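Since the structure comes first, as structure tokens, the remarks are kept for the end.
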Amino acid sequence: MEYNFRAIEENWQKTWKENKVYQVKKDTGKPKCYVLDMFPYPSGSGLHVGHPLGYIASDIYSRYKRLKGFNVLHPMGYDSFGLPAEQYALETGQHPAVTTENNINNFRAQLEKIGFCYDWSREIRTSDPSYYKWTQSIFLDLFNSWYDRRISKARPIGELEATFEQEGTFGIASFFTEKKSFDAIEWAAFSKKEQEDILMDYRLSFSSYGEVNWCEALGTVLANDEVVNGFSERGGFPVVKKKMRQWYLRITEYADRLLQGLDKIEFTDSLKEQQKNWIGKSTGAEISFEVTSSALTTGDKKVLTVYTTRPDTIFGVDFMVIAPEHELVKQITTERQRTSIDDYLNYTKSRSDRERMAEVKQITGCFTGAFAINPFDGREIPVWIAEYVLIGYGTGAIMGVPCGDTRDFNFARFFDLPVTNIIGKHFNGTEANTTKEAILENSGFLTGTSMKEATELVVSKLEATGMGKRKVNFRMRDAGFSRQRYWGEPFPITWKDGSARALDKNELPLELPFVEEYGPGPEGEGPLANITEWTNLPDGSKRETSTMPGYAGSSWYFLRYMDPHNNAEFCSREASDYWNQVDLYIGGTEHAVGHLLYSRMWTKFLFDTGRISFDEPYKKLVNQGMITGKSFFVETYHAASADGRTAVLLSSAEKMLPVGPLDINGTVWTIDAESRQSSRLRYAHKYIDAVGRLAKSQIEKLFVEQPDQTIDLNSIIIYFNSKDLTETGEPFLSGTVVEKMSKSKYNVENPDDIVINYGADTFRMYEMFLGPIEMSKPWDTKGIEGVHRFLKKLWRLFFDEITGKVWNEQKAIAAELKVLHRCIRKIDDDTEKFSFNTAVSAFMVCINELTDLKCHKKEVLEKILILLAPYTPHITEELWHQLGNPGTILDAPFPEFEESHVIESSKEYPVSVNGKVRTTIHISLDASQQDVEVIVQNNDTIKKWLGEAAPKKIIYVKNKMINIVV
RNA sequence: GCCCGGGUGGCGGAAUUGGUAGACGCAGCAGACUCAAAAUCUGCCGUUCGCAAGGAUGUAUCGGUUCGAUUCCGAUCCCGGGCACCA
């Protein structure tokens with residue numbers, strides 16, 4: 001009887017499906033465990049071997065937890081709204097709904113072949129109206145809420161309105177009260193429109209004007225990903241910033257809680273770090289400086305407020321820099337400086353973001369002629385403007401402390417400004433020193449105090465005199481929430497006379513209308529703007545025409561799995577109370593600051609509104625690494641000949657073609673520095689021979705099959721190692737590079753092929769065996785043989801090809817039980833720790849040992865099968881039934897580890913003197929440390945080494961080694 | 001530039017967190033079975049000296065702590081990821 005994996009896997013996948021083995025129900029008799037994968041975007045190219053890595057890991061963990069007696073929720077669904085489907089629609093005219101449906105079916109078929117234990121009855125799709133009804137509904141909840149800073153919690157907007165009516169903004173701490181405050185009488189005097197505008201500022205999802213990437217030539221708004229160096233990815237047209245009405249989520253109100261929440265969840269340090277950087281909390285102070293300028297009339301006081309994280313360096317301020325867009329610039333610029341300032345302003349205006357990005361290190365700036373007065377020592381400090389100071393962060397103004405800040409120092413040196421040294425010997429005059437540990441010198445009343453103390457002193461003095469105050473700043477901006485696109489959730493919002501009105505909840509879902517054309521609407525609006533019969537409503541109002549971004553649906557999807565068919569709520573409180581947080585969330589790092597931050601915010605909001613009982617969605621996150629592929633390539637260089645022709649020259653990876661003229665076949669081709677910026681032409685593995693070479697005929701075929709628009713087929717010259725290959729016909733050494741798998745790189749490995757050749761169990765196990773789950777590693781199909789051999793070996797413990805059944809019911813001996821129990825402990829540990837690669841190794845060791853022991857005993861094998869069941873579900877289920885067991889192996893009890901089987905009565909320890917190993921002695925394991933000393937002292941050999949006059953000093957016994965230190 | 005990771009055989013990677021480095025698998029070499037192949041099994045497999053027993057050396061480089069360092073500390077060099085004029 002052979003291991004026929006195809007028949008076994010097909011049979012069990014069918015049986016599991018028919019018997020609904022993986023359907024989950026609420027079961028309060030068992031502890032729950034929620035294991036979730038980041039749901040995929042169903043792209044057209046299907047799965048490659050990298051995708052299932054995380055899914056396999058979560059599947060193993062789910063099955064393991066189920067064996068351990070947990071009620072496990074392990075669902076799967078699709079993040080099915082998104083740009084690629086829409087782009088595909090633009091190109092082919094196929095409706096995104098159709099392609100999405102096809103892609104999902106394809107994904108599901110691929111996933112099913114790998115044998116996952118998903119509860120498919122809970123499948124969700126973000127593009128399904130029954131799903132996005134609730135995305136819209138939560139959006140409306142955000143719209144109808146504001147954030148009360150006094151209690152750090154979202155509250156209904158109606159309560160804010162009531163407060164305004166009674167007492168105005170008095171006592172309300174929110175984002176806008178600092179900018180606009182009023183009392184109840186003033187509030188009542190505002191027009192309806194004014195009131196609505198004020199309320200809009202407080203809403204957690206709000207509409208405001210913001211900049212978008214606008215591409216005039218394409219007539220459309222582009223996502224950041226679609227803009228490359230200021231040009232559109234498609235077509236290469238220039239992209240500029242354009243102000244448009246946009247929707248935003250006021251995630252900044254949650255910044256502090258998002259930061260603090262990190263402490264109570266298990267994310268990797270690097271991911272927490274990324275989120276912290278993104279939130280970018282900095283504590284410092286705002287300091288006000290009085291400005292003197294000949295442009296100001298006497299009595300006309302102007303105050304410049306800067307933000308600094310280093311108030312302790314106040315005596316080291318040698319200049320001020322304010323953003324060119326700063327409102328003070330016009331007012332304080334002196335007559336003498338006006339022309340230069342105007343020139344500089346024109347210069348910055350002429351510079352696009354693209355240029356500002358490209359020339360980051362260039363120092364520019366201009367003196368305004370005005371001076372700021374240092375409030376502590378009355379020094380006059382010149383005020384400059386420079387484009388490196390951003391109007392959007394802090395106060396749009398900084399104080400320059402050249403001795404303590406690298407950028408400030410470079411600025412001072414460039415413009416030849418004097419540098420005040422407040423840190424004494426820490427400052428060497430040629431480079432700034434950013435230390436926070438110095439004792440201040442040359443600093444007025446701060447001289448002699450440490451920087452830490454000085455910070456406190458300055459801030460309290462500032463607050464006492466009203467010249468400044470403590471201030472916390474966040475780098476994070478409110479999240480843009482609208483996209484001028486078709487394939488996304490429509491906003492449940494209508495507009496009339498410039499005011500937004502929310503749809504009533506019972507009007508949801510607001511379904512996405514069917515369109516024939518996916519081109520942009522007028523004025524940068526989305527495609528929906530073209531469907532006037534949908535946008536224009538009978539009462540004269542108009543629907544919002546943008547749609548929600550990809551992260552809308554994914555911000556709360558983990559809740560929907562808990563109660564996927566609920567028509568009355570997004571998820572019943574009962575279901576969310578039971579399933580609670582996601583215990584284990586597996587996905588890639590690419591969502592570190594996007595999805596993971598937004599869904600944390602939504603969860604906090606839903607918690608605030610009392611809809612769920614927890615405010616962090618994911619208890620533990622594991623990032624799976626990427627599986628990379630090996631791609632093969634040649635370098636291509638564009639060259640020009642004297643007679644005006646152009647050609648493409650090929651070279652291998654190792655040998656770059658030199659810049660300069662090349663004489664090939666009597667024609668001189670020139671490669672200049674620019675065309676030396678070669679591009680890599682990649683090709684499929686099949687073109688390469690056994691030693692990694694390309695034959696000349698293959699290269700020619702390659703160019704016919706993979707035509708490159710920029711290459712004229714007639715002008716390709718295959719050139720390598722100073723030889724023109726068109727003459728010699730010599731094979732060409734292919735370059736290789738390990739990189740992310742992608743269809744366009746011809747390095748994709750398809751899981752279906754592996755499953756057909758080796759089976760799903762082998763595939764699953766091999767993916768885990770490749771290396772630690774969170775590491776990225778290259779795919780190598782060759783190694784899969786070893787894992788497949790392991791499964792065959794396992795099978796042979798039960799069945800022999802010729803004699804059939806070999807397993808028996810004999811009693812296990814001590815040696816066999818030792819192998820078994822060591823395996824139990826290792827697998828239990830490793831699975832719990834997600835160390836799946838070492839677990840697979842442990843299985844191999846275990847099966848090797850049992851094979852050596854010729855152990856075919858049911859008593860042992862049955863337990864091994866249970867341990868192995870999460871990893872290779874099909875073969876274990878089959879063998880489990882062959883042993884005469886009913887049901888599914890997942891309902892079997894997890895084998896218990898008994899230490900007594902593993903303990904050795906006596907163990908051989910190496911004995912060393914001063915770290916040098918001399919011999920080994922036997923020590924019984926229950927011996928205490930004193931006993932060891934006795935043994936050592938009584939051991940003649942050891943005594944001989946130590947000699948009579950050299951008694952032992954220290955004896956370490958640590959698991960493996962006894963060392964005598966003399 | 002800044003912030004996180006990480007550097008171990010020909011390759012993917014182990015090492016109970018300071019205790020005999022290289023588990024497990026791939027590739028390679030030798031052998032058994034076979035007419036032959038496949039499948040299966042056995043042995044060898046960091047480098048170096050040696051017929052061998054065995055010795056020396058070895059975890060990116062240099063230095064330190066320790067009886068003992070892949071592990072801890074300091075400096076340097078590479079590789080990967082993230083952020084980027086954030087005051």
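Convention: sequence-line order gives letters A, B, ...; per-chain numbering from 1. As the structure is a computational prediction, the values presented were derived from the model and not from experiment.
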Give every pair of a protein N or O atom and an N or O atom of nucleotides 26-34 of chain B that lie under 3.5 Å apart, one pair per line with the distance.
unit_1, atom_1, unit_2, atom_2, d
B:rC26, OP1, A:R789, NH1, 2.6

*Looking for any heavy atom pair under 4.0 Å, which part of the strands does A:N848 touch: base, sugar-phosphate only, or nothing?*
sugar-phosphate
_Side chain of A:K777 only, heavy atoms from C-beta on: which candidate in B:rC24, B:rU40, B:rG13 is closest?_
B:rG13
_Could you tell me how far apart A:W779 (CH2) and B:rG13 (P) are, to the nearest whole angstrom?_
14 Å
*Give a yes/no on whether any side-chain N or O of A:N410 is located under 4.0 angstrom from OP1 or OP2 of B:rG1.*
no
*Between B:rG13, B:rC86, B:rC4, which nucleotide has the shortest distance from any of its atoms to the side chain of A:S270?*
B:rC4
_A:S841 side chain, from C-beta outward: closest of B:rA87, B:rC85, B:rC24_ = B:rC24
*Looking at the side chain of A:R407, which of B:rA87, B:rA39, B:rC24 is the nearest nucleotide?*
B:rA87
*asked:* Categorize A:K793 for me: base, sugar-phosphate, or nothing, with a 4.0 angstrom heavy-atom threshold over every strand shown.
replied: sugar-phosphate
*Can you sort out the partners of A:H788 under ring pair (Phe, Tyr, Trp, His ring centres under 6.0 Å), two or more places apart, ordered by chain and number?*
A:F5, A:Y758
*Carboxylate-amine/guanidinium proximity below 4.0 Å for A:E286 and A:R470*: no
*asked:* Check the phosphate of B:rA87 against A:Y307, side-chain N and O only, distance under 4.0 Å to OP1 or OP2. Yes or no?
replied: no
*asked:* Does B:rA14 have OP1 or OP2 under 4.0 Å away from a side-chain N or O of A:N837?
replied: yes
